[in-house]
Amino acid sequence: MQIMLCAISNIQSGNCSEDCKFCNQSGFVNTKIQKYPRKDIEEIVLEARVAKKNHALGFCLVTAGLGLDDDKLEYVCEATRAVKKAEPNLMIIACNGLASYEQLCELKKAGCFSYNHNLESSREFYPQICSTHSWDSRFETNLNAKRAELMLCCGGIYGLGESEADRKSFRASLKELKPFTSPINFFIANEHLPLNPPPLSADEALNIISDSKKELGDTHIMIAGGRERVLKERQYEVFERGASAVVIGDYLTTKGEEPSTDIENLKKRGFSFATECH
Ligand code: SF4
């Protein structure tokens, strides 16, 4: 089986104006993370080269914050152009919060393949995890990305204390958007974050993956943050449950598996790595 690997570069980290209760980059929490306004373009390109060596097909440029302004848009476009020049076969995914149709057209013009903007959870549950912007504004950004003819990468995070009805409603909304890829994150609590729900079990997490695949059909289910901590030795079972993509390397603010360990383990299990999106 061929799977897609995707690497993340956190190109602008922390001090976010928003109060998403699951996020260590929110300016409302005090988690000790690295915070910086902009990563150097050269450093981003170096990371992209490493990602390519690690068989990544996707390379995601993530900025913290509510959305794009002119400056940030130009910076993401510049980073995109630089990475495409160095590694033309990497597919760039921009992840920069709320965005207008016009801004998304600019990203596409710069060479972005896809836009990632997660709905995070259900419309009904969202006010319990964020009060500074609306779920509807997130949904609208996804519609804008589709209109701008960017491939859509849209998913969210489980284990925030949402109900089964919330999970169903969330997936019904994702189904409406028909994303190309849908990342699934599993929440990991820490003492700085205001949420402290019971942790997901490995069985529950694997069932979430099966349910997502059942409901989202052709969408590639991508397993992202929390994989190692929640699934532990069962982490490679995600592909039996319908996942076809996985994030390799570090996440935005937490360590991931060593890419070389993942690659070795995946090869041992007979997986190969996609070199184009289909
Ligand atoms: S999820 Fe995004 S918008 Fe929300 S606090 Fe984190 S960086 Fe900010």
Side-chain angles (χ1 to χ4, degrees), residues 6 8-39 44 60-69 71-73 75-76 79 93-100 103-104 107 112 114-123 125-145 152-162 166 170 173-174 177 179 181-197 222 224-227 247 250-256:
C6 191
I8 296 175
S9 179
N10 198 4
I11 66 173
Q12 184 210 335
S13 174
N15 294 323
C16 180
S17 58
E18 304 306 290
D19 72 348
C20 308
K21 293 187 172 55
F22 52 87
C23 181
N24 289 306
Q25 299 201 75
S26 165
F28 290 75
V29 299
N30 245 336
T31 317
K32 302 284 165 276
I33 57 163
Q34 266 195 314
K35 297 176 187 173
Y36 44 87
R38 266 171 203 206
K39 196 177 265 180
I44 299 169
C60 189
L61 301 172
V62 188
T63 52
L66 179 61
L68 284 163
D69 55 24
D71 257 18
K72 204 193 272 191
L73 176 62
Y75 170 56
V76 181
I93 303 110
C95 175
N96 315 116
L98 302 182
S100 68
Q103 290 170 327
L104 291 159
L107 289 175
C112 283
S114 169
Y115 198 70
N116 169 230
H117 194 54
N118 290 340
L119 294 179
E120 305 301 7
S121 192
S122 72
R123 185 171 194 259
F125 185 66
Y126 199 73
Q128 291 188 47
I129 53 169
C130 176
S131 71
T132 46
H133 63 264
S134 69
W135 183 95
D136 286 356
S137 61
R138 302 187 82 87
F139 194 84
E140 196 184 322
T141 291
N142 277 285
L143 294 178
N144 292 341
L152 200 62
C153 176
C154 180
I157 180 162
Y158 286 87
L160 303 174
E162 75 282 356
D166 287 318
F170 166 44
S173 302
L174 289 175
L177 290 169
T181 46
S182 186
I184 292 179
N185 294 276
F186 303 117
F187 178 62
I188 307 291
N190 69 48
E191 74 269 28
H192 301 288
L193 295 175
L195 294 176
N196 201 8
M222 173 183 291
R227 163 169 63 105
V247 171
D250 294 341
Y251 303 104
L252 291 173
T253 60
T254 54
K255 289 295 277 177

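Both counts, for ligands and for their atoms, begin at 1 and track the order of listing.
- Below the 2.8 Å limit, atom 4 (Fe) of ligand 1 has as protein N, O or S neighbours Cys20 SG.
- Enclosure of atom CZ in Arg38 by more than 12 non-hydrogen atoms of other residues, nucleotides or ligands within 6.0 angstrom is indicated.
- Under a 3.5 Å cut-off, the side chain of Tyr115 and the backbone N or O of Gly97 do form a donor-acceptor pair.
- In this structure, atom 1 (S) of ligand 1 has a protein heavy-atom contact shorter than 4.0 Å.
- Phe139 has its side chain within reach of Leu177: a pair of non-hydrogen atoms, C-beta onward, lies under 4.5 Å apart.
- Counting heavy atoms from C-beta outward, Tyr158 and Phe170 have side chains that approach closer than 4.5 Å.
- Looking at Leu107 and Asn96, their side chains come closer than 4.5 Å, going by heavy atoms from C-beta outward.
- Dense packing is recorded around CG of Asp69, with more than 12 heavy atoms of other residues, nucleotides or ligands lying under 6.0 Å away.
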